[in-house]
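Counting starts at 1 for both ligands and their atoms, following the listed order.
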Amino acid sequence: MRIFSPTETESSERRVAIVPASVTKLTALGAQVAVEAGIGASVNFSDPEYRDAGAQIVADRRPTLASADIVLRLRKPPLADIAALKRACIHVSFLDPFTDVETVRALAAAGVSAICMEMIPRSTIAQKMDALSSQASLAGYVAVLLGANRLDRIFPMMMTPAGTIPPAKVFIIGVGVAGLQAIATAKRLGAVVEAFDTRPGVEEQVKSLGGKFVKVDLGEIGQTAQGYAKELTPEQLAKQREVMEQRCAQADLVITTAQVFGRKAPVIITKAMLEKMKPGTIVVDMAVESGGNVECSIPDEDIVVNGVKIIGWRNLAGRVPRAASAMYSSNLTNLVDHFWDRTAKTFRLDPANEILRDCLVTHDGAIVNERIRTLAL
Ligand code: NAD
């Protein structure tokens, strides 16, 4: 089978889909691997490194897209690239399926079997392919460093002959993959860390990282079968905001990571709450791409409200692109490896498979994922 990885087309994206170590693994499976010239330039991998790992370097993506059996990339494909793919090509990438139905429709119309990396199930067996988790983990780390950089104080307590400086107080809202990594990073830097999540089950995880779990009695909430949080009622959200307001007023750095899969993120920090925070407080809104947890955060901008700085940068994992590419590339390679038939040296695409029935969104000319099909109607 011919596997092709083209360069990313989004100019601000520095992450790449495939690193040379993955080329070695894919060629060892018996696949023929081609990458577009310059694919690794943004993360300092040269074409000769890809060639040494076993890849063919192609200068013109169009004919290689047309002959590829499997295309591996990071971001969703431009429509022109979809038009170039051959029917029954297996295309693996993020697809942003909840906001960009047009791309999904185009993939279906082209007869492409599109595997959507956002839809990899949250199961033990699929963990090795879970790119949302690998990227969220790095994003949590970056969010803390960004906040630390902007803060006018230090994280650790310092006792010196010149006096004692108290540790910074960090408050993290949302303790999923990103939130846990943010807690661990802030603790390592010496901050005092508090955290809150609507899923009370995470209390133990917060404590095990040295953080303090903030309790709010919200009544019945729960989580989906995939482990994602359910949406709160307006009454529950109002109750949550009351406690958040008190904790945010004490904090030096607030990091919000609260998301509800496939829906707009809840607004947790209102403008009125920002006005009650100490001037100089930094707020990093990690949910900015899905609507934002902070009322006035703006994608890719820093704004100041009453002396509080709100950082709304998207794609935080993309700020450590070499590490993020290594992890994403492993996720892709693990996926191919998992479905690889070692005898026939082909990718076994069974739409009924327990992993593929969640993440295969188009197949055989149709949108086969029910949730996405409903959106596309
Ligand atoms: P996410 O990015 O969807 O959301 C981040 C966090 O925000 C979640 O913990 C969620 O509970 C929380 N949240 C939602 N609404 C909130 C609100 N109003 N206030 C405060 N917090 C709110 O979640 P995620 O990081 O992708 O992970 C969700 C869960 O899935 C975690 O328990 C994680 O450990 C689990 N998980 C399991 C697997 C696996 O088994 N393969 C893989 C990844 C994650």
Side-chain angles (χ1 to χ4, degrees), residues 94 98 117-141 143 171-184 194-206 208-209 211 213-248 254-270 273 283-295 314-317 327-328 330-331 334-335 338 354-355 358-359:
F94 284 121
F98 298 107
M117 291 303 277
E118 286 97 334
M119 309 287 283
I120 296 283
R122 255 67 204 292
S123 58
T124 308
I125 195 167
Q127 230 166 353
K128 60 190 176 187
M129 327 170 184
D130 186 349
L132 279 185
S133 290
S134 68
Q135 304 303 295
S137 192
L138 289 167
Y141 163 88
F171 182 38
I172 291 164
I173 303 176
V175 189
V177 178
L180 285 171
Q181 189 57 242
I183 296 172
E194 290 189 328
F196 169 74
D197 196 293
T198 50
R199 295 175 302 123
V202 302
E203 179 173 355
E204 281 314 308
Q205 296 174 45
V206 172
S208 73
L209 291 170
F213 188 71
V214 173
K215 291 189 182 171
V216 188
D217 183 8
L218 294 172
E220 188 65 28
I221 20 165
Q223 58 189 45
T224 67
Q226 295 270 329
Y228 287 114
K230 288 192 176 157
E231 223 169 358
L232 297 186
T233 63
E235 294 74 29
Q236 286 173 319
L237 202 49
K239 197 162 182 192
Q240 175 186 353
R241 284 191 191 127
E242 255 176 54
V243 181
M244 298 299 103
E245 182 171 304
Q246 296 158 11
R247 302 324 308 154
C248 289
V254 178
I255 297 177
T256 67
T257 80
Q259 312 233 30
V260 180
F261 187 69
R263 294 183 196 280
K264 193 177 170 305
V267 174
I268 293 171
I269 300 186
T270 61
M273 287 163 73
V283 181
V284 182
D285 185 354
M286 290 187 65
V288 72
E289 278 175 80
S290 56
N293 292 142
V294 184
E295 194 168 33
R314 290 184 287 193
N315 190 9
L316 294 185
M327 287 204 197
Y328 183 76
S330 282
N331 292 140
N334 290 336
L335 187 147
H338 186 84
E354 62 177 311
I355 296 171
D358 280 356
C359 62

Please report the closest heavy-atom contact between Val177 and Ser137, naming both atoms and the distance.
CG1-N, 3.8 Å

For atom 29 (C) of ligand 1, what is the closest protein heavy atom, and at what distance to 0.1 Å?
Gly227 O, 3.1 Å

As a quick check of understanding, evaluate side chain to side chain contact (heavy atoms under 4.5 Å, CB included) for Gln135 and Tyr328, giving each step before the final call.
CA-CA 7 Å; Gln135 304 303 295; Tyr328 183 76; 3.7 Å; yes

To the nearest 0.5 Å, what is the distance between CG (Asn331) and CD1 (Ile120)?
8.0 Å

Out of curiosity, Glu118 CD to Leu132 CG, how far, rounded to the nearest 0.5 Å?
6.0 Å

Between Glu231 and ligand 1, which part of the residue brings a heavy atom under 4.0 Å of the ligand: side chain, backbone, both or neither?
neither

Distance under 4.0 Å to a non-hydrogen atom of Ser123: what atoms of ligand 1 satisfy this?
41 (N)

Nearest protein heavy atom with distance in Å, relative to atom 5 (C) of ligand 1
Thr257 O, 3.2 Å

At what distance, to the nearest 0.5 angstrom, does CD1 of Ile268 lie from CG of Leu237?
6.5 Å

Between the candidates Ile268, Thr256, Val177, which shows the shortest non-hydrogen contact distance to atom 33 (C) of ligand 1?
Val177

Assess Ala136 for proximity to ligand 1: is some non-hydrogen atom of it under 4.0 Å away?
no

Does one side chain, of Thr270 or Glu295, offer a donor that lies under 3.5 Å from an acceptor on the other?
no

Among protein heavy atoms, which sits nearest to atom 35 (C) of ligand 1, and what does the distance come to when rounded to 0.1 Å?
Arg122 NH1, 4.1 Å

Is the shortest N/O to N/O distance between Ser133 and ligand 1 below 3.5 Å?
no

Atom OG1 of Thr257 and atom CG of Leu180: how far apart are they, to the nearest 0.5 Å?
8.5 Å

Under-4.0 Å heavy-atom contact with ligand 1, by part of Leu232 that carries it:
side chain

Heavy atom of the protein closest to atom 32 (O) of ligand 1 (residue, atom name, distance):
Arg199 NH1, 2.8 Å

Give me the atom names and distance for the closest heavy-atom approach of Gly176 to Asp197.
N-OD2, 4.0 Å

Ligand 1 to Leu237 polar contact by distance, N or O atoms, under 3.5 Å:
no

Start with the C-alpha gap between Ile221 and Lys230, add the side-chain angles, then the distance that decides, and say whether side chain to side chain contact (heavy atoms under 4.5 Å, CB included) holds.
CA-CA 7 Å; Ile221 20 165; Lys230 288 192 176 157; over 6 Å; no

Indicate, as side chain, backbone, both or neither, the part of Asp130 found under 4.0 angstrom from ligand 1 when only non-hydrogen atoms are considered.
side chain

In Å, rounded to the nearest 0.5 Å, how long is the span from CD1 of Ile125 to CE of Met129?
6.5 Å

Starting from atom 14 (C) of ligand 1, locate the nearest protein heavy atom and write down its residue, its atom name and how far away it is, to 0.1 Å.
Gln259 O, 3.2 Å

Select one of side chain, backbone, both or neither to describe which atoms of Ala258 lie under 4.0 Å from any atom of ligand 1, heavy atoms only.
both

So, taking the atom named CZ in Phe213 and the one named CD1 in Ile183, what distance separates them when rounded to the nearest 0.5 Å?
9.0 Å

What is the nearest protein non-hydrogen atom to atom 17 (C) of ligand 1, stated with its residue, atom name and distance?
Thr198 CG2, 3.4 Å

Which of the ligand 1 atoms, numbered from 1, are nearer than 4.0 Å to a heavy atom of Pro266:
18 (N)

Within the 4.0 Å heavy-atom shell around Val175, which atoms of ligand 1 are there?
9 (O)

Look at atom 8 (C) of ligand 1 and say which protein heavy atom is nearest, naming residue and atom and giving the distance to 0.1 Å.
Asp197 OD2, 3.4 Å

Does Phe98 form a ring pair (Phe, Tyr, Trp, His ring centres under 6.0 Å) with Phe261? I'd like the steps, not just the answer.
CA-CA 10 Å; Phe98 298 107; Phe261 187 69; 5.5 Å; yes

Phe196: numbered ligand 1 atoms lying under 4.0 Å from its heavy atoms:
19 (N), 20 (C)

Test log, rule side chain to side chain contact (heavy atoms under 4.5 Å, CB included), inputs Leu232 and Gln240:
CA-CA 9 Å; Leu232 297 186; Gln240 175 186 353; 3.2 Å; yes

If you measure from each non-hydrogen atom of Pro121 to ligand 1, which part falls under 4.0 Å: side chain, backbone, both or neither?
neither

Shortest protein contact, atom 20 (C) of ligand 1 (heavy atom only)
Gln240 NE2, 3.6 Å

Has ligand 1 got any nitrogen or oxygen that is less than 3.5 angstrom from a nitrogen or oxygen of Thr124?
no

After noting the C-alpha distance and the side-chain angles of Val243 and Val214, does the key distance pass the side chain to side chain contact (heavy atoms under 4.5 Å, CB included) rule?
CA-CA 9 Å; Val243 181; Val214 173; 3.8 Å; yes

Any N/O pair Phe261/ligand 1 closer than 3.5 Å:
no

